[in-house]
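Below is one structure, written out as structure tokens, with a few remarks after it.
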2 protein chains.
Amino acid sequence: MTNRTRRPLTLRDVSEASGVSEMTVSRVLRNKGDVSEATRQRVQEAAKRLGYVPNKIAGALASQRVNLVAVIIPSLGNMVFPEVLSGISDVLAGTSLQPVVGVTDYLPEKEEKVLFEMLSWRPSGVIIAGIEHTEASRAMLRQAGCPVVEIMDVDGEPVDSCVGISHRRAGRKMAEAIIDAGYRRIGFLGTKMPLDHRARKRFEGFTRTLAKAGIEIADQEFYSGGSALAKGREMTEAMLKRTPDLDFLYYSNDMIGAGGLLYLIEKGIDIPGKIGLAGFNGVELLDGLPRRLATMDACRREIGERAAQILVDRHQGAGATEGQTIELTPTLDYGDTLRRSS
Amino acid sequence: MTNRTRRPLTLRDVSEASGVSEMTVSRVLRNKGDVSEATRQRVQEAAKRLGYVPNKIAGALASQRVNLVAVIIPSLGNMVFPEVLSGISDVLAGTSLQPVVGVTDYLPEKEEKVLFEMLSWRPSGVIIAGIEHTEASRAMLRQAGCPVVEIMDVDGEPVDSCVGISHRRAGRKMAEAIIDAGYRRIGFLGTKMPLDHRARKRFEGFTRTLAKAGIEIADQEFYSGGSALAKGREMTEAMLKRTPDLDFLYYSNDMIGAGGLLYLIEKGIDIPGKIGLAGFNGVELLDGLPRRLATMDACRREIGERAAQILVDRHQGAGATEGQTIELTPTLDYGDTLRRSS
DNA sequence: TACGAACTTGTTAGACCTAACAGAAGCTCT
DNA sequence: AGAGCTTCTGTTAGGTCTAACAAGTTCGTA
């Protein structure tokens, strides 16, 4: 049906095929400006017949508009960022904006590279995870000439706008709930990632609050690599062997928490009586476990939505405020593994 | 430090700042062509000082080269596609090519839209999940003027190249293993997704092979939405209540399989003696379960790598063959939930 | 000294599209 | 009839960069 030429089609081909100027074809294809119904029909028919696909490269250069939003996140390998992404996509779906994602693997140098790469496409906005960046990255963001939204975390100085939760506060809140429930011998299990600032801040908020109550972390262990679920299991076993009198385990993410939970259930240990557990993130996965792990929802979807909405508003020029910070409040879910204080 | 002008910088700004022509600046910035060391230094210094970020839009238009690879997948919401993606990224990381991903949500119309969108950026290659597409999508792929690799599935007629496994064969292989192990009353649990062709093909291969051995699926149930782990649990419970004499459950994916496994362990049922279980995909998650679910690895990472490699080869023009199909062979992992035949 | 090669830089002409304006044709209203 | 609209289409001039070629410079050598 469609002809099999190798030369890519241009507006000119469509204009010749339909006997009007390139400009008119452009107007039809973008639904912009007045074109008579008859002409519109003819042009559309020709474009479809030829299989013409507009060249956005040229369009973007000419119009100085690239309806792309750069979304820069550390990883796709756990459920947290895909969920943020889906919040973003949903909001952008109703607009002319389109997300393009880049992954940094939690490496600042890679973030710098990805950011540079992205900015060289002159996007209409940037959504970037975290509030800690290299000085070069911050300079690029400042110079970008488009709205920038830093997400996930609000503990720090954003370049422009910011949507997230306070991880320090989240750590604090969890510590308070644990203390109120009467637990005293507390172990911490987390990832060995000095560059995961959010995990670090939660840990800081957590330990600081315990310290104020005169409690010190009784044991801690960090892992890297491998299946999080398996690691949670192994680390829990190891830690309880080492420090058998622990009465609470706080995991830096739900996945390792789930591993620990499964291990303890298997061992027939009384949860949350003899030992309490909590994770972080509120991943959907937890719904299917034999018992629901206590966790704290990080508002991931909403973060994505709000961040995207900021860009949409500012794109439309609607007196949208520059530099606003939106702090969301994570909710604590006691699940079945954390005693209630009362 | 950097000046805070709103007007975006161009080559001209750098050329004026360093006193050479735009062309020379371009050469320095792309590391192409001979430029004296002295000039190179001066230009680089100026570019850095101004904070210049090249405009790829213009570059791509002028050079007729866009080093982007469109990667089109149905979803980011389970572990399978991120793993394919990471295979792709790893291979492309060593080249000038860069992946850009689009998500279709298993919707053919959305696939068409995403594909159109992607092609309008004139990518250097397309990697697209699945081998079933609308006629319009197939036409676009044929016309794309760049290499196309369809991935995950080889049961069908690819437009160009193809890397994947045969899901029919995978279903058959699993059925054979189950029959060999002596199971006879078999239940199937899957997703309610008429558009997930790969799951459908596995199911077909599975039932057909059972039929040849004179066995019919004793019960089946399909779900949609919700936490897969929880669904697996619920469906397993419901099915065993309805059809208590089942001696095997085949799940269309590992996540619901894991849910079923946890449920059965909880009930203290003898696995794989009284009842056997198997899933599909070989997700890393399974490593952390109390028992390892039988599964079949779908070679996801390797599929991503091979697909990317094809594009790289063809991009380099290396007498790379057009239209090749690479069929990988999934391996059956008996885990702890499927008796061995011998 | 003149010639060619090697190296370095500049000039010109696009790549394909859109913004802005210009012009033609038809209409309404006084 | 002519002014003033509206509706439709075309023309021109970019947007920013790169390919291809042209031209200058330096150097070694016959």
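The sequence lines fix the lettering, A, B, ..., with proteins before strands; numbering per chain opens at 1.
Taking five base pairs at each end of the helix from C:dT1-D:dA30 to C:dT30-D:dA1, the local helix axes there meet at an angle of 50°, rounded to 10°.
Applying the side-chain hydrogen bond (donor to acceptor under 3.5 Å, both in side chains) criterion to A:Ser26, with sequence neighbours excluded, gives A:Arg30. With sequence neighbours left out, B:Gln41 forms a side chain to side chain contact (heavy atoms under 4.5 Å, CB included) with B:Glu37. Here A:Asp196 pairs with nothing under the salt bridge (Lys or Arg N to Asp or Glu O under 4.0 Å) rule; sequence neighbours left out. In this structure, the side-chain hydrogen bond (donor to acceptor under 3.5 Å, both in side chains) partners of A:Ser161, at least two apart in sequence or on a different chain, are A:Arg314. Checked against side chain to side chain contact (heavy atoms under 4.5 Å, CB included), A:Thr10 has the following partners two or more places apart in sequence or in another chain: A:Arg12, A:Asp13. Residues meeting the side-chain hydrogen bond (donor to acceptor under 3.5 Å, both in side chains) test with B:Glu45, sequence neighbours left out: B:Arg49. Annotation: side-chain hydrogen bond (donor to acceptor under 3.5 Å, both in side chains) contacts of A:Ser15 (sequence neighbours excluded): none.
Going from atom CD1 of B:Ile57 over to atom C1' of D:dG15 covers 11 Å, rounded to whole Å. When the P atom of D:dG14 is taken as reference, atom CG of A:Leu61 falls 14 Å away, rounded to whole Å.
Residue pairs meeting the salt bridge (Lys or Arg N to Asp or Glu O under 4.0 Å) criterion with at least one partner in residues 115-125 of chain A, sequence neighbours excluded, are A:Glu117-B:Lys56. A salt bridge (Lys or Arg N to Asp or Glu O under 4.0 Å) check over residues 91-110 of chain B, counting only residues at least two apart or in different chains, returns the pairs B:Asp105-B:Lys110.
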Listed pairs, N/O of protein and of nucleotides 26-28 of chain C, under 3.5 Å:
none

Distances under 3.5 Å between protein N/O atoms and the N/O atoms of nucleotides 7-11 of chain C, please, pair by pair.
from   : atom 1 : to      : atom 2 : distance (Å)
C:dT9  : OP1    : B:Ser36 : OG     : 3.3
C:dT9  : OP1    : B:Thr39 : OG1    : 2.5
C:dT9  : OP2    : B:Ser36 : N      : 3.0
C:dT9  : OP2    : B:Thr39 : OG1    : 3.4
C:dG10 : OP2    : B:Ser21 : N      : 2.7
C:dG10 : OP2    : B:Ser21 : OG     : 2.8
C:dG10 : OP2    : B:Thr24 : OG1    : 2.9
C:dG10 : N7     : B:Arg27 : NH2    : 2.7
C:dG10 : O6     : B:Arg27 : NH1    : 3.2
C:dG10 : O6     : B:Arg27 : NH2    : 3.4

